[in-house]
**Q** 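For reference, the structure I am asking about is given below.
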Amino acid sequence: MEDRRQDSARQAALDYHEFPRPGKLEIRATKPMANGRDLARAYSPGVAEACLEIKADPSTAARYTTKGNLVAVISNGTAVLGLGNIGALASKPVMEGKAVLFKKFANIDCFDIEVNEPDPVKLAEIVCALEPTFGAVNLEDIKAPDCFIVEEICRERMNIPVFHDDQHGTAIVVGAAATNALRIAGKRFEDIRIVSTGGGAAGIACLNMLLKLGVKRENVWLCDIHGLVHEGREVDMNPQKAAYAQASDKRTLAEVIDGADLFLGLSGPGVLTPEMVGRMAPRPIIFALANPNPEIDPEAARAIAPDAIIATGRSDFPNQVNNVLCFPFIFRGALDVGATTINDEMKIACIEGIAALARATTAAEAAAAYRGETLTFGPDYLIPKPFDPRLMGVVSSAVARAAMETGVATRPLEDIAAYKQKLDGSVFRSALIMRPVFEAAATVTRRIVFAEGEDERVLRAANAMLEETTDVPILIGRPDVIAMRAERAGLPIRPERDFEIVNPENDPRYRDYWETYHGLMARRGVSPDIARAIMRTNTTAIGAVMVHRDEADSLICGTFGQYSWHLQYVRQILAQGGLHPVGALSMIILEDGPLFIADTQCHNDPTPQQVMETVMGAARHVRRFGLTPKIALCSHSQFGNTDSPSGRKMREALALLDAREPDFMYDGEMHVDAALDPELRERIFPGSRLQGVANVLVFAGTDAASGVRNALKMRAQGLEVGPILMGMGNRAHIVTPSITTRGLLNMSVLAGTPVTHYG
């Protein structure tokens with residue numbers, strides 16, 4: 001059975017690399033190449049202009065070429081992780097994988113370069129000759145001590161960052177994990193005794209970094225396969241190991257482990273025995289980082305020292321020391337300021353950023369990616385997870401700041417806070433488009449009631465509201481359940497202390513609420529008994545009553561259940577004084593910008609009047625995002641070419657709009673492709689009042705609107721903000737069950753923006 005599982009996993013891995021096309025990388029053009037004009041600009045003669053600019057000022061290469069965002073991942077395949085000296089060609093899948101990680105986590109472009117050159121000096125000369133092509137070099141999987149020689153030569157000769165990730169990436173992540181482990185253990189770098197196994201590149205680099213963090217050289221005991229590195233030893237020595245030689249007559253790991261506060265293993269399986277763990281200092285820190293099997297099994301270590309703080313190199317144990325926490329983000333910061341090197345200050349800034357992020361509240365996106373794991377700062381959570389989207393903003397901006405402060409930045413940034421915002425915006429795709437709404441919401445404090453207050457997404461959104469906005473969350477749910485789920489999710493918020501709770505099972509306002517609801521619904525078939533039952537069980541109705549009674553400013557509901565079910569209670573309780581649901585507007589953020597879709601939820605078969613109201617509402621809401629509305633009324637008919645029901649409806653809606661003379665661009669009825677392609681539209685209907693690409697598509701029914709919305713989300717990786725319930729004066733918004741925590745935060749900010757801000 002085990003053999004079959006292994007064979008299946010092996011085949012799955014091979015299929016991943018082979019299909020649908022071989023390898024993990026491709027090259028795509030970033031500029032159009034559709035006609036002779038494009039060709040003349042991309043190549044001869046237009047390309048000469050860029051060449052001459054760079055000849056006159058080499059720094060402009062970052063403006064006119066990819067150099068400023070291009071990293072070389074270079075290896076000779078002599079020390080591939082877990083595989084050894086397999087040669088340059090066999091290392092290519094690893095190097096391609098490294099390039100994919102650069103792109104995925106930091107949007108850095110890479111070329112993997114595998115070089116058949118075992119001589120370190122010759123290899124360094126090849127790397128140096130590539131400097132004009134790249135903004136930085138990542139050396140990878142080069143055996144020790146050759147890697148030290150290659151990096152030293154390249155750093156001396158090249159005026160771009162050269163970073164051997166096996167050394168420094170591991171050292172940075174170990175430094176971050178050690179920083180937090182010592183905090184938990186109540187110890188200091190200056191006081192601890194370290195015993196390390198593994199005298200390779202990573203092991204030496206980790207020790208060098210720990211010294212920079214405050215560890216005393218005399219408190220470091222380095223062992224390798226031959227035993228303790230001691231003064232006078234001649235076997236398998238190099239200058240890097242010799243720097244840690246101890247003046248001692250002890251010779252083995254077993255002899256030096258007594259009283260060690262930190263064991264740092266970068267060697268092989270079984271090196272550290274349970275008996276040795278028992279002789280370490282109280283609250284020992286054990287970093288058993290050998291792959292694939294650690295120096296000691298974590299369970300075996302804990303059986304001897306239950307209070308041990310343990311990290312490994314494996315993803316199936318807590319605290320995986322993974323270089324992906326570091327290298328994409330340190331390169332991102334270095335490239336963006338045009339750093340000439342990656343110095344110690346930049347590495348320490350990286351350590352501090354990673355360590356601080358683990359101590360902060362866990363990102364909802366990381367929690368979703370690692371569902372079932374406890375991501376709360378403590379012995380089993382020393383460092384953040386690789387899919388924590390905050391890493392780039394926090395770490396890269398810290399690195400960029402350190403580069404500028406130490407004078408190695410050739411393109412210093414004017415505003416580091418704005419730079420961090422930009423980085424966050426590249427990860428949280430909604431961040432930039434939502435900025436005007438966040439700024440408007442910050443001018444007031446509004447009370448937002450969440451109907452499904454026990455949902456973990458709601459709890460995380462409430463925590464984010466308290467951290468990022470001035471709004472006040474109110475949660476409907478059972479206090480004990482909310483407290484338990486907040487604690488389980490690693491959130492610091494607690495009911496009543498941080499936010500108000502409405503407990504449907506036992507709330508002193510219960511009588512007031514059911515009487516209010518009964519007063520509104522008494523002539524619509526709702527008896528007192530029904531009103532009492534609804535105010536015990538229906539959290540959407542409870543939230544709507546709170547808004548009606550001015551105990552909250554806006555309601556957010558819909559994380560489960562049908563949209564129409566929630567809408568009926570919003571209509572019953574809040575559709576008064578001229579307010580009524582006009583339509584649901586979804587903003588879909590695509591690679592080339594936002595596209596608004598309406599009406600996706602409210603009116604299955606709207607009247608022309610309702611279509612007109614949807615268009616008017618959409619225009620108002622689009623302006624909330626700082627955008628100019630360009631609205632297309634979409635139908636199967638195109639400018640009267642088909643006498644279909646949807647065509648007639650949209651033409652009548654167009655006439656109603658014309659009578660109002662609105663101050664925004666709109667036209668119809670038209671196909672979606674004509675709405676999004678101005679040249680096609682001009683051929684079909686010259687002189688259309690709609691200019692440019694439409695950014696709002698209004699459909700003749702929810703089937704079409706919802707279908708387009710879902711297709712864009714699923715096949716074009718569109719990110720939805722919404723649905724925004726138009727026409728209700730911002731007093732209620734109904735989300736959909738697929739919404740994320742970030743989506744709920746965005747909706748809370750939209751709900752927290754006063755009506756006066758958008759007309």
**Q** Are the side chain of Glu255 and the backbone N or O of Thr252 linked by a donor-acceptor pair below 3.5 Å?
**A** yes
**Q** If you define the side chain from C-beta out and look only at heavy atoms, does anything of Lys347 sit under 4.5 Å from Lys212?
**A**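 Lys347 does not reach Lys212 side chain to side chain.
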**Q** Is any side-chain heavy atom of Cys206 closer than 4.5 Å to a side-chain heavy atom of Thr170?
**A**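 Yes. Closest side-chain heavy atoms under 4.5 Å.
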**Q** Quick test of your reading of the model: are Arg193 and Asp261 salt-bridged, counting only N-O distances below 4.0 Å?
**A** no
**Q** Would you say that more than 12 heavy atoms from the other residues, nucleotides or ligands in this model lie under 6.0 Å from the CZ of Arg401, or not?
**A**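 12 or below, so no.
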**Q** Step through the shown structure and confirm whether more than 12 heavy atoms of other residues, nucleotides or ligands are within 6.0 Å of CD1 on Ile225.
**A** no
**Q** Give a yes or no on whether the backbone of Val395 and the side-chain of Arg332 come within a donor-acceptor separation of less than 3.5 Å.
**A**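 The answer is no, because no donor-acceptor pair under 3.5 Å joins these two groups.
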**Q** Which atom pair, heavy atoms only, marks the closest approach of Phe450 to Pro473?
**A**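 Taking every non-hydrogen atom into account, CE1-CB, 4.3 Å.
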**Q** Is the closest basic N to carboxylate O distance between Glu190 and Arg188 below 4.0 Å?
**A** yes
**Q** So, taking the atom named SG in Cys223 and the one named OH in Tyr244, what distance separates them when rounded to the nearest 0.5 Å?
**A**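 Reported value, rounded in 0.5 Å steps: 14.0 Å.
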**Q** Using atom types as modelled and distance alone, determine if a side-chain donor or acceptor of Glu295 lies under 3.5 Å from a backbone N or O of Ser267.
**A** yes
**Q** Please step through salt bridge (Lys or Arg N to Asp or Glu O under 4.0 Å) for the pair Asp455 and Arg457, ending with a clear verdict.
**A** CA-CA 5 Å; Asp455 191 303; Arg457 293 168 295 174; 2.8 Å; yes
**Q** Using the rule given for side-chain contact (heavy atoms from CB on, under 4.5 Å), can you reason through Phe329 versus Val399, listing the C-alpha separation, both sets of side-chain angles and the distance that settles it, and then say yes or no?
**A** CA-CA 8 Å; Phe329 313 113; Val399 169; over 6 Å; no
**Q** Might you point out which heavy atoms bring Gly490 and Thr376 nearest each other, and give the distance in Å?
**A**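 Taking every non-hydrogen atom into account, CA-OG1, 2.9 Å.
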**Q** Tell me, yes or no, whether the heavy-atom count around Lys143 atom NZ, taken from other residues, nucleotides or ligands under 6.0 Å, exceeds 12.
**A**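 Counting other residues, nucleotides and ligands, NZ of Lys143 stays at 12 neighbours or fewer.
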**Q** Quick test of your reading of the model: are Asp388 and Lys385 salt-bridged, counting only N-O distances below 4.0 Å?
**A** no
**Q** Count the heavy atoms belonging to other residues, nucleotides or ligands that lie under 6.0 Å from CD of Glu468, then report whether that count exceeds 12.
**A**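 Correct, the count exceeds 12.
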**Q** Taking the six-membered ring for Trp, are His168 and Phe163 parallel (under 30°), tilted (30 to 60°) or perpendicular (over 60°)?
**A**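 Ring orientation, 0 to 90° scale: tilted.
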**Q** Would Glu452 and Thr559 satisfy side chain to side chain donor-acceptor pair (under 3.5 Å), going step by step from the backbone distance to the final call?
**A** CA-CA 7 Å; Glu452 297 91 24; Thr559 60; 3.1 Å; yes
**Q** Hey, could you give me the CG/CG distance between Asn219 and Asp191, rounded to the nearest 0.5 Å?
**A**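 Asn219 CG to Asp191 CG: 8.5 Å, rounded to 0.5 Å.
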**Q** Please confirm whether the backbone N or O of Asp141 pairs with a side-chain atom of Asp166, one donor and one acceptor, at under 3.5 Å?
**A**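 Such a contact is found between Asp166 side chain and Asp141 backbone.
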**Q** Kindly give the heavy-atom pair with the smallest separation between Ile342 and Ala334, and that separation in Å.
**A**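 That closest heavy-atom pairing would be CG1-CB, 4.2 Å.
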**Q** With heavy-atom distances below 4.5 Å as the criterion, would you say the side chains of Arg314 and Gln320 are in contact?
**A** no
**Q** Judged by atom type as modelled, is there a donor-acceptor pair below 3.5 Å linking the side chain of Thr741 to the main-chain atoms of Ala461?
**A** no
**Q** List the atom of Met280, the atom of Ile285, and the distance in Å for their closest heavy-atom pair.
**A**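 Closest approach of Met280 to Ile285: CE-O, 3.9 Å.
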**Q** After noting the C-alpha distance and the side-chain angles of Arg251 and His230, does the key distance pass the side-chain contact (heavy atoms from CB on, under 4.5 Å) rule?
**A** CA-CA 8 Å; Arg251 292 295 181 265; His230 59 86; 3.4 Å; yes
**Q** Do Thr341 side-chain atoms and Asn343 backbone N/O form a donor-acceptor pair below 3.5 Å?
**A** no
**Q** Run the side-chain contact (heavy atoms from CB on, under 4.5 Å) check on Asp165 and Leu139 step by step: do they pass?
**A** CA-CA 6 Å; Asp165 185 49; Leu139 299 174; over 6 Å; no
**Q** Please give me the minimum heavy-atom distance between Ala400 and Ile416, naming the atom from each residue.
**A**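 Minimum heavy-atom separation between Ala400 and Ile416: CB-CD1, 4.1 Å.
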**Q** Within this structure, what is the CG-CG distance for the pair Leu357 and Asn180, rounded to the nearest 0.5 Å?
**A** 10.0 Å
**Q** Would you say that Cys147 contacts Gln167 through its side chain, given a criterion of any heavy-atom pair below 4.5 Å between the two side chains?
**A**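 The answer is yes; the side chains approach within 4.5 Å.
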**Q** Assess whether atom CZ of Arg497 is packed by more than 12 heavy atoms of other residues, nucleotides or ligands within 6.0 Å.
**A** yes
**Q** Got a second to check how far Leu228's CG is from Ser248's OG, nearest 0.5 Å?
**A** 6.0 Å
**Q** With the side chain counted from C-beta on, respond yes when Thr273 and Ile296 share a heavy-atom pair under 4.5 Å apart, and no when they do not.
**A** no
**Q** Show every ring-ring contact (aromatic ring centres under 6.0 Å, His included) that has at least one partner inside residues 171-221, sequence neighbours left out.
**A** none
**Q** Before accepting this row, confirm whether a basic side-chain N of the pair Asp224/Arg233 lies closer than 4.0 Å to the acidic partner's carboxylate O.
**A** yes
**Q** Just so I know, are the side chains of Asp336 and Tyr419 near enough to count as touching, which here means a heavy-atom distance under 4.5 Å?
**A** yes
**Q** For Phe105 and Phe327, I'd like to know if the aromatic rings sit close, meaning centre-to-centre distance below 6.0 Å.
**A**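 When the ring centroids of Phe105 and Phe327 are compared, they turn out to be at least 6.0 Å apart.
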**Q** Within the supplied structure, the quantity of interest is the number of heavy atoms (other residues, nucleotides, ligands) at a distance under 6.0 Å from Lys24 NZ; does it exceed 12?
**A**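 Yes, NZ of Lys24 has more than 12 neighbouring heavy atoms, counting only those of other groups under 6.0 Å.
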**Q** In the structure I gave you, are the side-chain heavy atoms of Thr312 and Asn319 within less than 4.5 Å of one another anywhere?
**A** no
**Q** Run the numbers on Ile286 and Val277 for side-chain contact (heavy atoms from CB on, under 4.5 Å), then give the verdict.
**A** CA-CA 9 Å; Ile286 299 171; Val277 171; 4.0 Å; yes
**Q** Please name all residues satisfying side chain to side chain contact (heavy atoms under 4.5 Å, CB included) with Ala489, sequence neighbours left out, ordered by chain then number.
**A**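 Ala489 satisfies side chain to side chain contact (heavy atoms under 4.5 Å, CB included) with Glu456, Arg460, Leu491 once adjacent residues are dropped.
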**Q** Treating Glu454 as the side-chain partner and Val481 as the backbone partner, does any N or O pair qualify as donor plus acceptor under 3.5 Å?
**A** no
**Q** Does atom CZ of Arg183 have more than 12 heavy-atom neighbours, drawn from other residues, nucleotides or ligands, at distances under 6.0 Å?
**A**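 12 or below, so no.
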**Q** Can you tell me if Ser397 uses its side chain to pair, donor with acceptor, with the backbone of Val394 under 3.5 Å?
**A**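 Side chain of Ser397 to backbone of Val394: a pair is present.
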**Q** Rounded to the nearest 0.5 Å, what's the gap from CD1 on Ile74 to NE2 on His164? Could you check?
**A**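 Interatomic distance, Ile74 CD1 to His164 NE2, rounded to 0.5 Å: 11.5 Å.
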**Q** Does Ala201 offer a backbone N or O that forms a donor-acceptor pair with the side chain of Gln240 under 3.5 Å?
**A** no
**Q** Do the side chains of Leu391 and Leu325 get nearer than 4.5 Å, heavy atoms only?
**A**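 Yes - at least one pair of side-chain heavy atoms lies under 4.5 Å apart.
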**Q** Not counting sequence neighbours, which residues clear side chain to side chain contact (heavy atoms under 4.5 Å, CB included) with Glu234? List them please.
**A** none
**Q** With salt bridge (Lys or Arg N to Asp or Glu O under 4.0 Å) as the test, would you mind laying out the steps for Arg302 and Asp380 before giving the verdict?
**A** CA-CA 12 Å; Arg302 282 215 170 86; Asp380 287 338; 3.1 Å; yes
**Q** Please find the pair of heavy atoms, one from Lys241 and one from Gly199, that lie closest to each other, and give the distance.
**A** CE-O, 3.5 Å
**Q** Got a second to check how far Leu210's CG is from Arg217's CZ, nearest 0.5 Å?
**A**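 One finds 13.0 Å between CG of Leu210 and CZ of Arg217.
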**Q** So does Asn503 get a backbone contact from the side chain of Arg478, meaning a donor-acceptor N/O pair under 3.5 Å?
**A**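 It does not hold such a pair.
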